[in-house]
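Report on the structure given below.
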Amino acid sequence: MSALLLILKILGWTVLGLLGLLLLLCAVPVSARVLWQDGELTVWARVCGVRIGILPGLLSEKEAKKDAEQAARGAETEAKKAEKRMDLAELRGYIAGGTRAAAYFLSHVRVSDVRVLLAPDCGDPMRTAFKTGRAWAEFGALTALAENTFRCVKLADVRITPVFSDAYAPPEKFSCKFSALAGIMIGTFVVFLRRRAAVSAPAGNEAKEKDNG
């Protein structure tokens, strides 16, 4: 009897420890920075102070391997793609899941440190000033919509820097920072799966009933 109690205690503490570890992981702060410059997208994440390159980096290597594999497979890959084409119900599920997941993510994420660098417009300071005003108007409308709908970004976090001189004409660039907890990422994925299943399943059942009828 005492051995059984000891085993139950060990199992209980093990489960409790795993739950505590899971809660701790969900509370880990995660941030990502997005940079667009010279027509190239760069994305890197920071987890517990560790910087991880995503683009170009992890995803670029995976895409290169995937392209090489697809080139090697040739016609066989094309045949498999044709077999795996999504029907309308599955497409609706992906769209609905992506929309709901994006809304959930934006309602729990914080967008900050939005930076825009504007290059001179044909070397004309007046045209550059108009370009800057138009950029402020566009970002003001977008941030107002995002702040009112998701409360994820504020106009105070946006910085637009125009360059008026052709002597110093760096390429235009855009960057911003996303901050959230690791648990939000897991929740976003769960929301996507649940919404996709909820939309795809009824449509799939209706299609089967029509085929049977």
Side-chain angles (χ1 to χ4, degrees), residues 26-47 51-60 63 91-166 168-196 198-199:
C26 290
V28 170
V30 179
S31 64
R33 180 169 287 279
V34 179
L35 171 65
W36 175 266
Q37 184 176 9
D38 286 341
E40 182 178 353
L41 180 64
T42 304
V43 181
W44 64 87
R46 191 175 294 275
V47 183
R51 178 171 165 169
I52 304 172
I54 300 176
L55 271 177
L58 296 177
L59 294 182
S60 299
E63 288 178 357
L91 180 61
R92 285 175 55 193
Y94 274 100
I95 294 174
T99 304
R100 182 66 63 85
Y104 175 85
F105 178 76
L106 289 175
S107 62
H108 292 84
V109 76
R110 178 83 174 91
V111 182
S112 61
D113 200 15
V114 182
R115 301 181 185 180
V116 182
L117 181 64
L118 297 178
D121 192 348
C122 300
D124 187 348
M126 183 174 293
R127 293 181 62 175
T128 304
F130 280 122
K131 182 179 179 180
T132 305
R134 186 171 65 250
W136 272 115
E138 293 172 354
F139 272 92
L142 290 174
T143 51
L145 176 62
E147 185 176 359
N148 293 332
T149 307
F150 304 110
R151 299 194 178 104
C152 64
V153 64
K154 296 181 179 180
L155 187 59
D157 294 323
V158 179
R159 284 182 287 176
I160 300 178
T161 306
V163 178
F164 294 96
S165 175
D166 282 334
Y168 173 69
E172 292 187 334
K173 68 178 181 180
F174 167 83
S175 67
C176 65
K177 180 181 178 182
F178 295 89
S179 304
L181 298 178
I184 301 304
M185 310 299 178
I186 300 174
T188 302
F189 184 64
V190 172
V191 168
F192 169 76
L193 292 179
R194 291 182 61 184
R195 183 58 180 167
R196 187 193 66 173
V199 173

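Note that this is a predicted model, so its numbers are computed, not measured. These numbers come from the heavy atoms of this one structure, side chains and all, not from hydrogens, waters or symmetry mates.
The side chain to side chain donor-acceptor pair (under 3.5 Å) analysis of residues 170-187, with sequence neighbours excluded, yields the pairs Lys131-Glu172.
The minimum heavy-atom distance linking Val43 with Leu41 is given by the pair CG2-CG, 4.1 Å. Contact detail for Val199 and Ala96: the closest heavy-atom pair is CG2-CB, 3.6 Å. Minimum heavy-atom separation, Tyr104 to Ile184: CE2-O, 3.8 Å. Between Phe192 and Ala101, the shortest heavy-atom distance links the atoms CB-CB, 3.7 Å. Across every non-hydrogen atom of Thr128 and Pro162, the tightest pair is CG2-CB, 4.3 Å. Scanning both residues, Cys176 and Val111, for their nearest heavy atoms gives CB-CG1, 4.4 Å.
Atom-to-atom distance recorded for Arg51:CZ and Arg46:CZ is 6.5 Å, nearest 0.5 angstrom. Interatomic distance, Arg33 CZ to Asp113 CG, rounded to the nearest 0.5 Å: 4.5 Å. Once rounded to the nearest 0.5 Å, the distance linking CG of Leu118 with CD1 of Ile160 reads 6.5 Å.
Here the side chains of Trp136 and Thr132 are in contact, with some heavy-atom distance below 4.5 Å. Between Val114 and Phe174, some side-chain heavy-atom pair lies under the 4.5 Å cut-off.
A search for ring pair (Phe, Tyr, Trp, His ring centres under 6.0 Å) contacts involving Phe139 returns nothing, not counting sequence neighbours. For Arg110, the side chain to side chain donor-acceptor pair (under 3.5 Å) test picks out Asp157, with sequence neighbours left out.
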